[in-house]
Amino acid sequence: MRADVQQVADGTYLVHGSNTNWVILTEGDAVTLIDTGYPGDRAGLLASLTQVGSAPEAVEAVLITHAHTDHLGNAEYLRTTYGTPVYLHEAEVPHARRDFLHQVNVGTVLRNGWRPGVLPWAIHAIRSGGTAHVPVTSPEAFPSAGPLDLPGRPVPVHTPGHTDGHCAFHLPDAGAVIAGDALVSGHPTSRIKGPQLLPDMFHHERTRAVASLAVFEGLKGDVLLPGHGPLHQGPVREAALQARERAV
């Protein structure tokens with residue numbers, strides 16, 4: 001699989017994997033990787049690092065927006081193979097260890113199988129390793145609350161609801177926001193295009209997910225890098241407002 005690498009700003013790349021995105025931030029020879037795709041995206045993940053002129057050995061840290069398998073899928077591989085630290089919000093650390101799993105289950109998917117796109121998405125997810133057990137053995141909480149001392153200087157922003165410890169990442173210098181699954185621009189199970197919440201079945205607490213849109217409304221930026229869907233250009237505040245209107 002060849003991942004689709006899109007340069008968003010100097011040193012900032014949005015990568016479209018198989019139904020899930022990840023982000024590469026470069027600074028000289030060093031890299032920050034945000035999310036890691038499905039387990040089945042590994043070849044594409046490694047290829048995307050090559051495409052931006054880097055390598056897995058150059059990744060200083062893996063940041064995870066949330067510990068669903070389609071975002072966490074290759075984090076433990078990078079940690080054990082290259083010694084790369086894996087950071088999440090403190091509330092998401094036990095989720096990454098798989099002390100518990102807050103992720104849509106097979107029963108819920110089957111009950112929603114009549115909805116357009118759900119069954120094809122589910123088949124793809126299974127084939128990509130979406131039901132695999134991929135805990136991170138030693139995940140760590142973010143080492144600081146402000147800008148992280150990593151390439152791109154990402155600022156973690158707690159946006160709970162999709163999961164308890166879901167985090168977006170603000171890139172003030174690039175005028176961009178990495179939204180994870182708290183604010184997306186599309187999904188195979190959604191008939192809507194543009195800024196939106198994921199369908200209800202994917203959220204641990206939908207009410208909190210809707211409330212977290214207010215966090216995005218307060219972030220300055222004109223580029224949204226979502227966990228699913230294409231790059232969205234335009235004020236992040238307006239994207240969040242549009243998603244809120246659609247969530248009513």
Side-chain angles (χ1 to χ4, degrees), residues 2-17 20-37 41-67 71-90 92-93 96 136 138-159 166-183 216 219-227 230-233 236:
R2 181 178 173 83
D4 176 17
V5 178
Q6 181 178 10
Q7 185 167 6
V8 175
D10 186 28
T12 304
Y13 302 86
L14 177 65
V15 187
H16 303 281
T20 303
N21 304 330
W22 56 87
V23 175
I24 300 172
L25 305 177
T26 64
E27 190 174 298
D29 295 331
V31 168
T32 302
L33 177 64
I34 301 180
D35 287 344
T36 67
D41 285 331
R42 183 174 301 170
L45 177 69
L46 298 178
S48 69
L49 291 168
T50 300
Q51 286 176 249
V52 303
S54 188
E57 296 89 343
V59 179
E60 289 196 0
V62 172
L63 306 181
I64 300 295
T65 58
H66 64 293
H71 296 259
L72 191 75
N74 293 290
E76 180 69 356
Y77 166 78
L78 293 168
R79 193 191 72 80
T80 58
T81 306
Y82 301 101
T84 315
V86 178
Y87 295 118
L88 310 90
H89 186 275
E90 60 183 356
E92 201 72 1
V93 167
V136 178
S138 300
E140 303 175 57
F142 299 128
S144 63
L148 300 179
D149 187 18
L150 293 169
R153 301 298 183 268
V155 181
V157 181
H158 190 206
T159 48
H166 188 288
C167 259
F169 296 94
H170 190 202
L171 307 177
D173 292 342
V177 176
I178 300 164
D181 283 7
L183 177 58
F216 289 103
L219 297 178
K220 293 183 179 180
D222 294 306
V223 182
L224 182 73
L225 287 68
L231 177 75
H232 179 80
Q233 294 183 310
V236 172

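The structure displayed is predicted, hence computed values, not measured ones. The first residue in the sequence is number 1, and the count goes up from there.
At a threshold of 4.5 Å between non-hydrogen side-chain atoms, the residues C167 and L88 do not count as touching. Proximity of I24 to S54: side-chain heavy atoms (C-beta onward) are nowhere separated by under 4.5 Å. In this structure, V177 and V223 have side chains that are not in contact, with every pair of non-hydrogen atoms separated by 4.5 Å or more.
For T12, there are no side chain to side chain donor-acceptor pair (under 3.5 Å) partners at least two apart in sequence or on another chain. With sequence neighbours excluded, the residues that form a side chain to side chain donor-acceptor pair (under 3.5 Å) with S48 are W22. Under the side chain to side chain donor-acceptor pair (under 3.5 Å) criterion, E60 pairs with no residue at all, not counting sequence neighbours. Listed by chain and residue number, E90, V93 satisfy the side-chain contact (heavy atoms from CB on, under 4.5 Å) test with A141 (two or more places apart in sequence, or in another chain). Partners of D35 according to the side chain to side chain donor-acceptor pair (under 3.5 Å) rule, which considers only residues two or more places apart in sequence or in another chain, are T65, H71. Among residues two or more places apart in sequence or in another chain, the side-chain contact (heavy atoms from CB on, under 4.5 Å) test is passed with V155 by P147, H170, P172.
Taken from NE2 in H166 to CG in L183, the straight-line distance is 9.5 Å, to the nearest 0.5 Å. The CD1 atom of I34 sits 6.0 Å away from atom CG of L171, with the distance rounded to the nearest 0.5 Å. If you take OG1 on T84 and CD on E57, they are separated by 9.0 Å, rounding to the nearest 0.5 Å.
Between the side chain of N74 and the backbone N or O of T36 there is at least one donor-acceptor pair closer than 3.5 Å.
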